[in-house]
Amino acid sequence: MANTDDHQPHPHLHDSKGVDDYHVRGQFGSRLGFILAAAGSAVGLGNIWKFPYMTGENGGSAFIILYLICVFIFGLPVMLGEFVIGRATQTDQVTAYSVLSPGRPWGLNGLMGLLSGLLILSFYCPVAGWMLCYGVRMATGGFDVAGMNHEQIGDYFNGQMMTLLQANTPETWYVPIIYMLIIAVITGTIILMGVESGVERACKILMPALFILMLLMIVRSLTLPNIGGGLSFLFKPDFGKISWSTLLSAMGMAFFSLSLAMGAMMTYASYVDKKENLVKMALSVTLLDTAVALLAGLMIFPAVFSAGLDPNAGPGLVMQTLPVIFMSMPLGKIAGTIFFLLLTVAAITSSISLMEPIVTWLVDGLNIRRGYAAVMVLLLIVILAIPVSLSVTGDGLMVLNIRGLTSMPLFDVMSYLAENVFMPLGAIIICMFLLLSGWKRSAILQEAVGTEGTVTTAVKLWYWTAVTITPLGILFILLNSSGLLGRIQAYFAG
Ligand code: PHE
């Protein structure tokens, strides 16, 4: 990590030794370092895997419009809120609340965030494993599509995804588990070794590479035959498809994609120099993350329609579609291999940011040694991720699909709980904290712009949005989509 002009003597981002004395706590050496780490957290499977299939399931461009609204009305204000709390307190996300508001139970929100982090990791690691698996199979010639046209390639990968997802034969059911384990162990090892230089370096080189490769793939995707359906799917909104639950999904997607309400952003911000303007940083990270999601949509949907695939294919959508693009472009196998490996790296920089707050809390809050903490969390993730992975890939192991109980696979249960329950609730509480914690508004505004910044009207506007429209809007969507509002109304109507 590069040093700043004031020569920070402790460049270790996650040096837990300094926790008792905030001044010797490590910090990001440069503004870019922090933006990269935060963007590394935000940009991941959410943008390239989840956003396209959610868009596909929810009818296309109307969902994209809702998503954009959610990003700016709910996501951005909450992100800045997390940045402000994290940097002001420079500690783990559970302690942070009690530093600012002693003796009150706000810290429970930090704990809820840790729980959402665990739930997310339980499906995030398996999916990152699928990407790695595809990268390896591309590289080793495991996909044989010689002589096929792109529609046949689409069919072929439809089938391939099925064999990966329903790895139900005695020979293959464990394959996704092994890839999941590889991801979990890499994440845990990086956390054990200290995140600072690794994450920053990975983000500095690999993220721009991913970006450029995506641009090339968009060009190929847009020049495939018969993409008209894809373009109207992307650009002609059909608001008839919108319901309260679509809006809830768009909101959950925004929190997920921006890595909010589970402590990642708060933890990273706790390492930022006091001088930096957090408003600009929140804006940069949000814009970058949103740009990558939109580009992913532009890359996927023309190819989906061109190859005659179903946009409503669910979590397997990009696995079926991306190979269609690769296999119909020059040096496609190499491009495909590189792409899936870059995506795996992007997923790992996100899973690090999911795991790091939990480890930081065990170390800072409970005084557990970093090594033990990392191993404990790793084991917990693996124990959760095995049944979650098998609930979608192990068709032969239906016992693990608690479908009878929940009517959806464990995989979906985890993602639903995290994105549609815990993250929105956590976000509301972060907003309320800014209003009710007893922390002075002038201090909050100054923290947002940094020690050298001036509080502008825009910053005040952020504050008022964050303590009014944002939490009320989230609450309204939660109540409506759960049907509670209807029941309350019915109650009062007699
Ligand atoms: N934002 C990450 C992604 O889009 C996932 C994530 C969620 C990471 C929450 C950290 C916290 O892939």
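Just so you know, ligand 1 is whichever comes first in the structure, and atom 1 is the first atom listed for that ligand. Being a predicted model, the structure only gives us computed values, none of them experimental. Only heavy atoms go into these numbers, but all of them, side chains included; no hydrogens, no water, no symmetry mates.
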Does ligand 1 have an atom that lies less than 4.0 angstrom from a heavy atom of Tyr124?
-> yes
Counting N and O atoms only, with roles assigned by atom type, does the side chain of Ser350 sit under 3.5 Å from a partner on the main chain of Val43, one being a donor and the other an acceptor?
-> yes
Option nearest atom 2 (C) of ligand 1 (shortest heavy-atom distance, choices Gly46, Ala264, Ala39, Ser41) | Ser41
Could you walk me through whether Tyr53 and Trp49 pass ring-ring contact (aromatic ring centres under 6.0 Å, His included), step by step?
-> CA-CA 7 Å; Tyr53 93 73; Trp49 161 75; 5.2 Å; yes
So for Lys50 against ligand 1, with non-hydrogen atoms under 4.0 Å, the contacting part is neither
For ligand 1, which atoms sit closer than 4.0 Å to a heavy atom of Leu45?
-> 12 (O)
Specify the protein heavy atom at minimum distance from atom 7 (C) of ligand 1: its residue, its atom name, and the distance to 0.1 Å.
-> Phe256 O, 3.3 Å
Ser257 heavy atoms, cut-off 4.0 Å: which ligand 1 atoms fall inside?
-> 1 (N), 4 (O)
Heavy-atom donor-acceptor pair, Ser249 side chain to Ser245 backbone, under 3.5 Å | yes
What protein heavy atom is closest to atom 8 (C) of ligand 1, reported as residue, atom name and distance in Å?
-> Ser259 OG, 3.2 Å
List every atom of ligand 1 that sits less than 4.0 Å from any heavy atom of Ser353, numbering the atoms from 1 in the order shown and giving each element.
-> 8 (C), 10 (C)
Charged N to carboxylate O under 4.0 angstrom, Arg87 versus Glu82?
-> no
Going by atom types alone, do Ser353 and Ser41 pair a side-chain donor with an acceptor below 3.5 Å?
-> yes
Proximity winner for atom 3 (C) of ligand 1, if only heavy atoms of Pro357, Gly113, Ala42 are counted | Ala42
Asp289 and Thr286: side chain donor to acceptor below 3.5 Å | no
Could you give me the CA-CA distance, side-chain angles and deciding distance for Phe34 and Tyr271, then say whether ring-ring contact (aromatic ring centres under 6.0 Å, His included) is met?
-> CA-CA 8 Å; Phe34 171 66; Tyr271 298 97; 9.5 Å; no
Just which atoms of ligand 1 are under 4.0 Å from any heavy atom in Asn47?
-> 4 (O)
